[in-house]
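Worksheet: the structure to be examined is printed underneath.
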Amino acid sequence: MGRFLLGRLALAIFVVLVVTLLVAWAVRLSGDPAVMLAEGAGAITAKDLENIRKALGLDRPFGVQYASFLGGMLTGDMGNSFMGGRPVAGMVRQALPLTLMLAGLSLAASLLVSIPLGIRAAVNRGGAADQAIRILSLFGLSFPNFWLAIMLVLVFSITLGWLPPAGADGPSSLVMPVLTMATILSATNVRLVRSAMLETLSAQYITVARSKGLAETVVLYKHALRNCAIPLITYIGLQFGGLIGGVVVIERVFNWPGMGSLAFDAVASRDYPVLQAVVTVLAAMIVLVNLIVDVLYGFVDPRVRTE
Amino acid sequence: MRLRHLASATAVFAAVAIAPVPQAQAAGTLTIAQAQDPNNWDPIATFLLSWGAVGSNIFDGLVSRDEQLNLKPGLATSWEVLDQGMRLRFKLREGVTFHNGEPFNAEAVKFTMERLLGPEGAKGPQQSNYTSIGSVEIIDPYSVDIVLKRPDPVMITKLAGYGAMIVPPKYVTEKGSQGFGAAPIGTGPFKVTGYENKVHLTLEPSGNYWGGTPKLDKVIFKFIVEPATQVAELQSGRVDIASQVPIGMIGAITATPSLQLLSTTGPTVTVARFNTANGATKDERVRKAIVMAVDREAIVKQILQGHAKPVTSFQSTLSFGFDPAQKPVPFDPAGAKKLIAEAKLPPGTTVSIDFASNNVIFREVAQAVAGYLTAVGLKPQARPFEMNLFTNDIIPNGKTGEMFAMGWGGWTFDYDNTAYLMYHSGERWNPYDKDPALDKMLEDQRTIADRGAREKALQKIANYVADHALELPLFNLDTYYGVSKRVKGLVVPPDNRFRLIGVSVD
């Protein structure tokens with residue numbers, strides 16, 4: 001077990017390292033931050049640009065820049081933003097909880113909806129409820145998340161005036177971003193619950209439970225749901241990367257000051273330190289969640305450990 | 001951030017159900033949406049327009065400009081030009097203090113300028129505009145001389161620019177650029193009372209402004225990147241001014257009874273410049289033909305929905321050097337065809353129109369221009385390039401096709417700021433034109449101290465450029481804002497620098 005854990009951990013660290021290297025390298029292909037910084041400066045000369053690059057430390061070789069970034073990450077010093085020189089660590093500390101909250105609430109809301117609906121669909125397999133739920137899920141799958149977000153803003157902010165269209169000004173600001181994300185997530189999750197449930201419901205212990213005369217709710221929510229929890233948790237763990245990706249887009253639409261907004265700004269202004277830090281933190285989180293799922297699986301199913 | 005402390009998901013959803021509906025703004029509070037947070041409010045650290053919108057209310061320069069861009073006294077009550085324009089003497093306003101109580105005097109001016117021109121300034125983009133300053137000499141506590149290294153007739157205007165905003169020496173020395181940039185202090189009508197990076201910045205009246213008392217109790221700047229989101233915030237009454245309104249959403253604003261669209265002539269002029277060194281456009285007749293072939297009026301009306309003005313040169317009507325007598329080249333496809341025949345271009349000669357791919361407006365304009373060029377027998381080709389590549393490599397290294405789009409203008413509103421950089425040989429933005437006669441005209445106007453004579457010289461340059469068809473003049477896009485009707489007394493600033501002292505809200 002110890003060797004299995006170590007192996008998985010080493011692999012995870014390796015993946016994160018490769019991601020940081022790729023990001024650091026790719027972002028430098030995308031353009032010159034000095035030009036972005038000087039945008040609008042009329043009489044900017046090559047010499048001025050040189051000065052700015054020097055002040056930003058971009059005159060050093062790539063290896064040195066990468067090493068100092070990596071060294072900084074290990075000590076918690078993420079460097080300073082090119083745009084205004086603020087410490088990146090502080091920016092990430094401000095943004096990360098907001099992103100995690102949005103992602104977590106979206107996932108929770110999605111599960112609250114998709115578990116009962118998925119079970120209902122499985123139980124009524126082929127029936128009217130099943131059909132309706134599957135069609136609804138198809139709609140959910142077909143909406144691009146940003147389109148759904150804009151439609152919600154049109155209805156709830158502009159027409160009805162119930163909810164703020166943007167910002168993080170209290171609980172009401174969370175409704176539409178969470179609703180958008182949860183709708184998209186539920187579309188997949190409801191199908192997942194349905195198929196996992198169908199498989200479980202055909203098992204013999206369900207027949208036994210039913211023949212003991214247990215109430216149907218107990219059979220479904222106690223016996224069956226527990227057994228399909230394992231594939232569900234695995235899948236949701238793997239879904240985490242996609243969830244974070246979706247949140248990034250949604251943050252932009254709702255002007256939510258999280259990691260996605262940070263990343264967007266950083267890309268637009270070629271703010272290498274911010275972009276590198278955001279991608280590294282998010283990648284590390286995704287790798288970590290996958291690692292946890294892997295390890296949990298190893299505990300549950302000993303066959304995985306020996307692979 | 002109070003959101004972080006929310007207990008649990010259920011609590012949030014329960015709270016949401018009873019959350020108060022976001023209502024119209026509090027009395028006396030004006031809320032303005034800005035696209036970007038410069039992250040550092042130190043005046044020498046940025047060039048972003050959003051700095052101007054906010055910073056102009058916190059800081060003062062020696063001189064300032066009103067909404068019509070006329071120069072007027074700021075922290076200097078008067079000034080004189082000495083030594084054939086090489087020495088500028090300023091009489092300073094007495095009894096002015098910074099928001100923290102530090103006195104404003106000649107020392108503060110010297111400190112500000114030396115900081116701008118020193119290593120601190122070299123880290124930012126502002127320094128490049130002030131390199132003609134040689135030294136600052138204190139005459140007495142309330143008189144100061146700015147001594148120039150070379151003639152710079154635009155310097156007085158530049159002293160109203162971001163980089164020359166006067167900063168408090170003691171405070172800046174204590175806090176450093178970072179600390180000062182996070183909690184800026186100036187002599188302006190408003191002081192900063194709250195700031196959350198990339199979220200919002202709050203201003204309140206500073207209490208003892210030398211130029212009067214603001215009518216507002218509070219100004220909140222919200223940073224909202226997405227233009228559509230700004231408009232949504234405006235429509236739902238959560239901001240009073242949206243500074244980024246996509247042309248396609250203007251209709252949504254004018255259709256809302258509580259909102260209005262306010263606009264003014266903007267600083268940025270868009271032209272398609274010609275590659276005068278290679279290809280079909282090397283021939284002046286072809287360039288002239290292209291200028292004749294394109295209907296600017298129609299482009300402004302159809303694509304820009306009238307929110308722009310056609311131009312005759314690479315400057316707006318507000319620019320110093322604009323020549324009201326310069327006539328636009330009339331739309332004349334027949335004449336264009338004749339010129340192209342005269343130039344003996346092979347049929348179907350390719351003319352490419354290059355632009356930055358993120359320029360959504362020009363993307364449409366390029367299609368229209370291509371249509372006009374097809375009509376006169378050319379084979380146009382619209383080519384988008386990634387923005388950074390376009391401005392950093394394609395243009396400065398002379399890798400463009402026959403035509404390339406550029407927008408220029410800038411806050412000085414002085415034609416020199418465009419013409420010298422675009423047409424003088426060897427300049428970064430001028431990969432193609434090499435004309436000794438034009439170079440001489442551009443250099444000479446910089447040495448003219450007399451305003452009237454210099455204006456004439458600049459007008460002559462504009463006409464020279466048009467006569468040689470160095471560019472296809474297109475349009476001057478308006479600066480426009482979506483504004484709630486509760487806002488009173490707002491004059492739309494062409495330079496995005498809101499002057500909020502006279503503004504009030506219902």
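In what follows, every chain begins at residue 1, and chains take the letters A, B, ... in the order their sequences are listed.
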- prompt: Is there a salt bridge (Lys or Arg N to Asp or Glu O under 4.0 Å) between B:Lys198 and A:Glu251 once you walk through the steps?
  reply: CA-CA 13 Å; B:Lys198 292 188 194 289; A:Glu251 280 184 4; over 6 Å; no

query: Are any side-chain N or O atoms of B:Gln178 and backbone N or O atoms of A:Gly85, one a donor and one an acceptor, separated by less than 3.5 Å?
result: yes

- prompt: So which pairs with a foot in residues 154-168 of chain A pass salt bridge (Lys or Arg N to Asp or Glu O under 4.0 Å), sequence neighbours left out?
  reply: none

Largest heavy-atom contact set with chain A, pairs under 4.5 Å, which of B:Asn197, B:Asn40, B:Asp393, B:Val225: B:Asn197

query: Between B:Gln230, B:Glu226, B:Gln127, which residue shows the highest count of heavy-atom pairs closer than 4.5 Å to chain A?
result: B:Glu226

- prompt: Can you pull the salt bridge (Lys or Arg N to Asp or Glu O under 4.0 Å) pairs that have at least one residue in residues 37-48 of chain B, sequence neighbours excluded?
  reply: B:Asp42-B:Arg115

- prompt: Rounded to the nearest 0.5 Å, what separation is found between the CG atom of A:Leu154 and the CD atom of B:Gln235?
  reply: 7.5 Å

message: For A:Arg86, is there an ion pair with B:Glu196 - N to carboxylate O distance below 4.0 angstrom?
response: no

task: Mind listing the closest non-hydrogen atom pair of A:Ser81 and B:Asn39 along with its distance?
output: OG-ND2, 4.3 Å

- request: Kindly give the heavy-atom pair with the smallest separation between B:Thr229 and A:Arg252, and that separation in Å.
  value: OG1-O, 4.4 Å

field: Proximity breakdown for B:Glu233 and chain A, heavy-atom pairs closer than 4.5 Å
entry: both

- prompt: With chain B, which of A:Leu56, A:Asp265, A:Leu262, A:Val153 has the greatest number of heavy-atom pairs at distances under 4.5 Å?
  reply: A:Asp265

message: Under 4.5 Å from any heavy atom of chain B, what part of A:Asn80 do you find: side chain, backbone, both or neither?
response: neither

- prompt: Is it the side chain or the backbone of B:Tyr420 that comes within 4.5 Å of chain A heavy atoms, both, or neither?
  reply: neither

query: Under a 4.5 Å heavy-atom cutoff, which of A:Lys54, A:Met83, A:Arg53 has the most pairs with chain B?
result: A:Met83

- request: Check each atom of B:Glu386 against the heavy atoms of chain A and say whether the ones under 4.5 Å are side chain, backbone, both or neither.
  value: side chain

field: CA sep, side-chain torsions, deciding dist, call: A:Asp169, B:Lys222, side-chain contact (heavy atoms from CB on, under 4.5 Å)
entry: CA-CA 12 Å; A:Asp169 301 333; B:Lys222 280 193 191 177; 4.0 Å; yes

